[in-house]
Amino acid sequence: MRRFLIAGNWKMNCGPKETSTLLQGIKDIIEDMPEAVDGLVCPPTISLTTASVELQDIEGLALGAQNVHSEDNGAFTGEVSTEMLKEVNCEYVILGHSERRQYFGETDKTVNAKVNKALIDGIKPVICVGESLEQRKANEHKLRVKKQVQAALIGVEDEDASNLVIAYEPIWAIGTGETATPDQAQKMHAMIREEVADLYSDDTANQIRILYGGSMKPHNAEELLEQPDVDGGLIGGASLKADSFTDIIHVADELSESN
Ligand code: PGA
């Protein structure tokens, strides 16, 4: 069975000092991650070193970055490499978040190059896909997301595929307080899993974790996480407070126990 992954995408919030405070706050509440749930925090690049030190005290809570470059090194001002991320103990990297696609020129092609690079170098990509409100209204959401999944996975071998995570994040639900209904989320997650099965195998599709992202909060986490194909959350706003993030972790833990 797939374990829940509860992931915090801190976006451009929390420098090193606030990172220490937030992680200590999380530690104060949960001590370590519950045994049945995997945790992940993705602070801004400048705070990764601090986070890596703090996380030595919180078992089960992994570290991830919000982006990486697809080359090893060189003249790429402002970028970081997979090796640099590994040096500060990053196990995951968020790739293709809609904000990066919208504001920083990220395309299906650059996302695909980064996904392959991360997998080759042993970092697990959290690939973000999702449709805009216009696309949903035009009933193009399934096609859009399917194409994003296909494009992100070009060149990825079956044996590497089980190391990746996909996050379904409808753009209209990100930071808006509006959430996909559990039924909308389940339908999209099932469609994504089917696509992975078509590209690879049922086995691989059953192993891959598909997270839901877009205004997941303590009050709606249960109804989303109890959907059969929702394997966790990629959480923005609610991951910036120790109590709301740990509340969602507790919801996942309770659901794991009842399964
Ligand atoms: P949100 O962000 O939870 O604040 O909607 C989610 C995300 O963008 O990953």
Side-chain angles (χ1 to χ4, degrees), residues 2 4-7 9 11 42 66-67 93-115 125-156 161 164-200 202 204-217 219-239 248:
R2 297 179 296 270
F4 280 122
L5 174 62
I6 301 300
N9 173 11
K11 309 192 180 184
C42 302
Q66 298 175 17
N67 187 28
V93 61
I94 298 173
L95 293 175
H97 190 281
S98 60
E99 286 151 16
R100 293 215 56 87
R101 293 179 194 254
Q102 186 180 351
Y103 304 127
F104 303 103
E106 197 83 82
T107 63
D108 281 346
K109 204 167 166 199
T110 55
V111 173
N112 175 242
K114 292 173 181 194
V115 167
V126 179
I127 305 169
C128 300
V129 296
E131 81 283 357
S132 66
L133 189 58
E134 293 70 40
Q135 287 160 344
R136 182 161 277 267
K137 280 184 177 159
N139 202 26
E140 290 166 1
H141 50 293
K142 285 194 175 159
L143 189 63
R144 174 79 196 119
V145 167
K146 201 173 180 170
K147 283 203 167 141
Q148 283 180 329
V149 172
Q150 288 169 347
L153 298 181
I154 292 171
V156 173
L164 52 87
V165 176
I166 297 176
Y168 168 61
E169 300 206 304
I171 298 170
W172 46 272
I174 295 177
T176 58
E178 201 168 317
T179 326
T181 63
D183 185 51
Q184 284 172 327
Q186 169 55 28
K187 282 195 174 117
M188 293 303 280
H189 283 229
M191 192 271 299
I192 292 169
R193 203 176 301 285
E194 236 174 79
E195 186 55 32
V196 174
D198 281 353
L199 291 171
Y200 300 99
D202 285 350
T204 302
N206 283 329
Q207 280 175 46
I208 284 188
R209 290 190 282 198
I210 306 175
L211 313 183
Y212 169 80
S215 300
M216 185 184 274
K217 312 279 179 200
H219 73 87
N220 60 24
E222 184 172 357
E223 59 183 23
L224 289 160
L225 293 174
E226 71 189 3
Q227 300 305 311
D229 286 294
V230 177
D231 307 315
L234 183 56
I235 300 147
S239 72
I248 297 175

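Position 1 is the first residue of the sequence; numbering continues from there.
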- [ ] Check the pair M191, V145 against side-chain contact (heavy atoms from CB on, under 4.5 Å), reporting the backbone distance first and the verdict last.
- [x] CA-CA 9 Å; M191 192 271 299; V145 167; 4.0 Å; yes
Task: salt bridge (charged side-chain N to carboxylate O under 4.0 Å, His left out) partners of K187, counting only residues at least two apart - done: D183
Open item on the list: Under the criterion side-chain contact (heavy atoms from CB on, under 4.5 Å), I'd like the reasoning laid out for I174 against E99: C-alpha separation, chi angles, the key distance, then a yes or no.
Closed with: CA-CA 10 Å; I174 295 177; E99 286 151 16; 3.6 Å; yes
- [ ] Starting at NE2 of H189, measure out to OH of Y168 and round the result to the nearest 0.5 Å.
- [x] 7.5 Å
TODO: With the side chain counted from C-beta on, respond yes when I94 and C128 share a heavy-atom pair under 4.5 Å apart, and no when they do not.
DONE: yes
- [ ] Could you grab the distance from atom CG of L164 to atom CD1 of I166, nearest 0.5 Å is fine?
- [x] 6.0 Å
Open item on the list: To the closest 0.5 Å, what do you measure between OH (Y212) and CD (Q186)?
Closed with: 13.5 Å
TODO: Calculate, to the nearest 0.5 Å, the distance between atoms CG and CD1 belonging to L234 and I127 respectively.
DONE: 12.5 Å
Task: Counterpart residues, salt bridge (charged side-chain N to carboxylate O under 4.0 Å, His left out), relative to R193 (two or more places apart) - done: D229, D231
Task: Distance (rounded to the nearest 0.5 Å) between M188 CE and H141 NE2 - done: 5.5 Å
TODO: Specify the closest pair of heavy atoms between A197 and D202, including all atoms of both residues, with the distance to one decimal.
DONE: CB-OD1, 3.5 Å
Task: Q227 side chain to E223 backbone, donor-acceptor under 3.5 Å - done: yes
TODO: Please report the C-alpha distance between T107 and R101 in whole Å, then the side-chain angles of each, then the deciding distance to 0.1 Å, and finally whether the side-chain contact (heavy atoms from CB on, under 4.5 Å) criterion is met.
DONE: CA-CA 6 Å; T107 63; R101 293 179 194 254; over 6 Å; no
Open item on the list: Checking K147 against D108 for the salt bridge (Lys or Arg N to Asp or Glu O under 4.0 Å) test, could you report, in this order, the C-alpha distance in whole Å, the side-chain angles of both residues, the deciding distance, and whether it holds?
Closed with: CA-CA 9 Å; K147 283 203 167 141; D108 281 346; over 6 Å; no
Open item on the list: Test of understanding: with salt bridge (charged side-chain N to carboxylate O under 4.0 Å, His left out), list the residues that count as partners of E169, not counting sequence neighbours.
Closed with: none
Task: Under the side-chain hydrogen bond (donor to acceptor under 3.5 Å, both in side chains) test, residues paired with K146 that sit two or more places apart - done: none
Open item on the list: Tell me every residue that passes salt bridge (charged side-chain N to carboxylate O under 4.0 Å, His left out) with E106, counting only those two or more places apart in sequence or in another chain.
Closed with: R100, K114
Task: Side-chain H-bond candidate by donor/acceptor type, Q207 with T204, under 3.5 Å - done: no
Task: Any donor-acceptor N/O pair, Q148 side chain to G130 backbone, under 3.5 Å - done: yes
Task: I248 to A221 - nearest heavy-atom pair and separation - done: CG2-CB, 4.0 Å
Task: Contacts of type side-chain hydrogen bond (donor to acceptor under 3.5 Å, both in side chains), residue S215, not counting sequence neighbours - done: none
TODO: For residues V93 and V126, determine if any side-chain heavy atom of one lies less than 4.5 Å from a side-chain heavy atom of the other.
DONE: no
- [ ] Kindly say whether S132 contributes a backbone atom to a donor-acceptor pair with the side chain of Q135 at under 3.5 angstrom?
- [x] yes
Task: CD1-OG distance between I6 and S239, expressed to the nearest 0.5 angstrom - done: 11.0 Å
Task: Check: K11 main-chain N/O paired with Q66 side-chain donor or acceptor under 3.5 Å - done: yes
Open item on the list: With heavy-atom distances below 4.5 Å as the criterion, would you say the side chains of M216 and N220 are in contact?
Closed with: yes
TODO: Take V165 and I208, measure what side-chain contact (heavy atoms from CB on, under 4.5 Å) needs, and give me the verdict at the end.
DONE: CA-CA 6 Å; V165 176; I208 284 188; over 6 Å; no
